[in-house]
There are 2 protein chains.
Amino acid sequence: MDKKTIQELIDRYVSVSFVVNKKAESLLKCQIGEDLTTDQHYILSYIQQSHECTSSELAEAFDVNKSAITAIINRIADRGLIERTRDENDRRVVYLTLSDKGKKLHQKTQEKVHLLVESFITQFDETEITNFINTYEKLALILTNMKKDEEGDNS
Amino acid sequence: MDKKTIQELIDRYVSVSFVVNKKAESLLKCQIGEDLTTDQHYILSYIQQSHECTSSELAEAFDVNKSAITAIINRIADRGLIERTRDENDRRVVYLTLSDKGKKLHQKTQEKVHLLVESFITQFDETEITNFINTYEKLALILTNMKKDEEGDNS
DNA sequence: GTGAATAGTTTAACAGTTTAACTAATTTTA
DNA sequence: TAAAATTAGTTAAACTGTTAAACTATTCAC
């Protein structure tokens, strides 16, 4: 790739990722905003999908400090959406699980998220959107590895 | 597309966009976090690229209320990075421009952002990344129109 | 058994957000 | 043309998410 092409691609990427992020975030908030913040929704999704979820695991997945997770967890636990149970063998560890109320609310918001994503994904033909997501997944892998390398620097 | 394919694509999209957003945000913060928050950087970028930028314009571009913009603008104006000048013809309007200090700082962070984006974009071959960005831009257009339609509902 | 490491919480401070009320200026309209 | 409605932007209060640093409680290593 020549320099000029690269510069153009960089500019286009920065610009388009900004717009997509802002608009998607905003549309998502319109859908689920009365029930949950988007971060709270993602936290519930993560807890539901994992078997034994801990704060440390969430902190790593969300790329934030553990205290940020504690704050979010406190808010949704106060609303009775999740439960904390201590590990019997290692009493430092706290497992997070969804309560029935949490499961119901998450299912409701999850459906809304799916409908939203469906409404724009189905505007592409199958080949185009599949190729797009394939490349997007490669990008996710690259970024995850860059992040790991960077953390490796602190050794 | 059959239902099963669509469901799978939705799940993959939700998952991968989450990971990319979190990791990219986190890498970006590592690069420019000592100088500016990412939102502040994007605000400076927007002001620099536009000729006569106002708070209302920023609020629309960032999909937030005007008071959110006022708060951000206040913080970077307190640091002497931008200047406010009132329109002579319509004295309600305030134009935002970068100060010299703001321009310099923005250039510095902009370079770091470009290097970061370059470092992962150049890991793809030209055809793949170009196709990806093309589809990404279509998506941006779709989301922008969805957002507009939704606002039209309030009529 | 003592010292180091680990899991999680608390606290203080800050950035970004919304809603509602507000000021000041301009436009509409009756 | 004077009153009413609209527009641009700010302020204030309340909330969510974030970090850094100090802290508790527990477990691990030697």
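Labels below follow one simple rule: chain letters A, B, ... track the order of the sequence lines, proteins then strands, and each chain is numbered from 1.
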Could you please name the option among [options] that lies closest to any side-chain atom of [X]?
X: Asn65(A); options: dA20(D), dT27(D), dT18(D); result: dA20(D)
X: Arg92(B); options: dA20(D), dG17(D), dT7(D); result: dT7(D)
X: Thr37(A); options: dG17(D), dG9(D), dT18(D); result: dG17(D)
X: Ser56(A); options: dG9(D), dG8(C), dT26(C); result: dG8(C)

Q. With side chains defined as the heavy atoms from C-beta onward, is the minimum distance between Thr97(A) and Gln48(A) less than 4.5 Å?
A. no
Q.
Any non-hydrogen side-chain atom of Leu58(B) less than 4.5 Å from a side-chain atom of Thr54(B)?
A. no
Just to be sure I understand the rule, does [X] reach a base, reach only the sugar-phosphate, or reach nothing, if contact means heavy atoms closer than 4.0 Å?
X: Asp39(A); result: sugar-phosphate
X: Asp87(A); result: nothing
X: Ile72(B); result: sugar-phosphate

Is there a side-chain contact between [X] and the phosphate of [N], meaning an N or O under 4.0 Å from OP1 or OP2?
X: Ser67(A); N: dA20(D); answer: no
X: Ser55(A); N: dT9(C); answer: yes
X: Arg84(B); N: dT10(D); answer: yes
X: Thr70(B); N: dT11(D); answer: no

Q) So which one's nearest nucleotide on DNA chain D is more toward 5', Cys53(B) or Phe62(A)? A) Cys53(B)
Q.
Closest-nucleotide mapping onto DNA chain D: is Glu88(A) or Arg75(A) further toward the 5' terminus? I mean the 5' end.
A. Arg75(A)
Whole Å only: how far is the [atom1] atom of [X] from the [atom2] atom of [N]?
X: Ile73(B); N: dG16(C); atom1: CD1; atom2: C1'; answer: 13 Å
X: Glu34(A); N: dT19(C); atom1: CD; atom2: P; answer: 10 Å
X: Ile69(A); N: dT16(D); atom1: CD1; atom2: P; answer: 15 Å
X: Tyr95(B); N: dA25(C); atom1: OH; atom2: C1'; answer: 14 Å
X: Lys29(A); N: dT16(D); atom1: NZ; atom2: P; answer: 12 Å
X: Glu52(B); N: dA8(D); atom1: CD; atom2: C1'; answer: 15 Å
X: Lys66(B); N: dC22(C); atom1: NZ; atom2: C1'; answer: 13 Å
X: Ile43(B); N: dG16(C); atom1: CD1; atom2: C1'; answer: 11 Å

(Q) Once you measure the plane-to-plane angle for Phe62(B) and Phe18(A), does it fall in the parallel (<30°), tilted (30-60°) or perpendicular (>60°) bin? (A) perpendicular
Q) Where does the angle between the aromatic ring planes of Tyr136(A) and Tyr13(B) fall among parallel (under 30°), tilted (30 to 60°) and perpendicular (over 60°)? A) tilted
Q | 5' precedence on DNA chain C between Asn74(A) and Val93(A) (nearest-nucleotide basis) | A | Val93(A)
Q) Taking Ser55(A) for the side chain and Ile69(A) for the main chain, is one N or O donor matched with an acceptor at less than 3.5 Å? A) no
Q | Derivation of the side chain to side chain donor-acceptor pair (under 3.5 Å) call for His114(B) and Asp11(A) | A | CA-CA 8 Å; His114(B) 271 234; Asp11(A) 286 335; 3.2 Å; yes
